[in-house]
Amino acid sequence: MIVELLDARNDFIFKKIFGSENNKDVLLAFLNSTFLEAGEPPLTEITLMNPFTDKDDPTEKQSILDIKARTTEGKLINIEMQLFNPYNMEKRRLFYWSEMYYHQIQKGDNYNLLKKCVTINILNYSCLLNDRYHNIFHLREDHTGIPLIDDIEIHVMELTKLEEHAVPVSGGLVNWLLFLKGVDKLNWEALTMNEPMLKKAMDTLEFLSQDTATRLEYEARLKYLRDEVSRMEGAKAEGIALGEAVGERRKAIEIAKKLLGMGLEIEAIAEASGLSEAEVRSLK
């Protein structure tokens, strides 16, 4: 029986593949493909700061399903997969970056103990106004481009911008992203030829897909994520409706005030503005 593969874009599955001690070599290979595109030297080793455990409940609101790692030089890396748009993502990623940077030292410690922090956001939606699937941000001066400090680095990877991207003929980050996006399994062999460590990631995904308990947790996480999106969209729609209602009332009050100034009868003003006669009298 052919088992349908689970979606690696689900953050619960993503962390099981890339955030476990057994697959630390998979995460290292992914990070090196990322940093290669950024023109940075490869990493030799990483330490997982929050490895996946059975305590990572996919339905818990406070469950941390991102991946945190530290390099041998002390650089901190946070990788987060977003299946759905959580809104305010730009401020959210900056807030989490600042938390990571801030919590490196205690009050009274020397600032020179602070190490570079890197945020990697893999998004299943588009948010940047260009056609690049991998964008890299630093803190630089507007006119000359000189860096203020190298401690902040943010990677935004948008899987939706791989729509027209054919399976590559060489190694690199795009191979990893095509795997995450769910490229046809017929292309897996070509991807692993380009990036050999992808084979272990693919084997892990196949193993997880055949595990009944994992599938149940996966479905629970997917339901939770969908409910969260529905809640946010509902709150946004309510906010828009409330704003429109407030705007209409302000407009009615302005009309009533003008008509009062012209000396019209209260009954006529109420009919023209949509306010009650009592509301018009209160304006008077």
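Scope of the values below: all heavy atoms of this structure, side chains included, with no hydrogens, waters or symmetry mates. Quick caveat, the model's predicted, so the values are computed rather than measured.
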_Can you confirm whether the side chains of Thr204 and Asn23 place a donor and an acceptor under 3.5 Å from each other?_
yes
_Checking Thr119 against Trp97: is there a side-chain donor and acceptor pair closer than 3.5 Å?_
no
*Within a reach of under 6.0 Å around CD of Glu141, are more than 12 heavy atoms found that belong to other residues, nucleotides or ligands?*
yes
*Examine the side chains of Asn10 and Arg221 and answer whether a donor and an acceptor come within less than 3.5 Å of each other.*
no
_Any salt bridge linking Arg215 with Asp211? Criterion: basic side-chain nitrogen under 4.0 Å from a carboxylate oxygen._
no
_Salt bridge present between Glu80 and Arg92 (N-O < 4.0 angstrom)_ = yes
*Do Thr160 and Glu158 have side-chain atoms, one donor and one acceptor, less than 3.5 Å apart?*
no
*In terms of side-chain geometry, is the basic nitrogen of Lys116 or Asp150 positioned less than 4.0 Å from the acidic oxygen of its partner?*
yes
*Are more than 12 heavy atoms from other residues, nucleotides or ligands located less than 6.0 Å from atom CD of Glu189?*
no
*Is the closest basic N to carboxylate O distance between Asp227 and Lys223 below 4.0 Å?*
yes
*asked:* How about CE on Met49, more than 12 heavy atoms from neighbouring residues, nucleotides or ligands closer than 6.0 Å, or not?
replied: yes
*Give a yes or no on whether Phe207 atom CZ has more than 12 heavy-atom contacts from other residues, nucleotides or ligands under 6.0 Å away.*
no
*Report yes or no: do Leu36 and Phe30 belong to one cluster of Ile/Leu/Val/Met/Phe/Trp/Tyr joined by side chain heavy-atom distances under 4.5 Å?*
no
*List in chain and number order the residues that pass side-chain hydrogen bond (donor to acceptor under 3.5 Å, both in side chains) with Asn78, two or more places apart in sequence or in another chain; answer none if no residue qualifies.*
Asp66
_Whether Asp151 and Lys115 form a salt bridge (side-chain N of Lys/Arg under 4.0 Å from carboxylate O of Asp/Glu) is what I want to check._
no
*Considering all heavy atoms, the nearest Asn175-Glu195 contact*: CB-CG, 3.8 Å
_Nearest 0.5 angstrom please: Met157 CE to Ile79 CD1, how far?_
9.0 Å
_Using a 6.0 Å distance limit plus a 45 degree cone around the ring axis, check whether Lys75 lies over the aromatic ring of Phe35._
yes
_Set of residues satisfying side-chain hydrogen bond (donor to acceptor under 3.5 Å, both in side chains) with respect to Ser170, sequence neighbours excluded_ = none
*Would you call Glu206 and Lys185 a salt bridge, taking side-chain N to carboxylate O under 4.0 Å as the test?*
yes
*Is the number of heavy atoms from other residues, nucleotides or ligands under 6.0 Å of Phe84 CZ greater than 12?*
yes
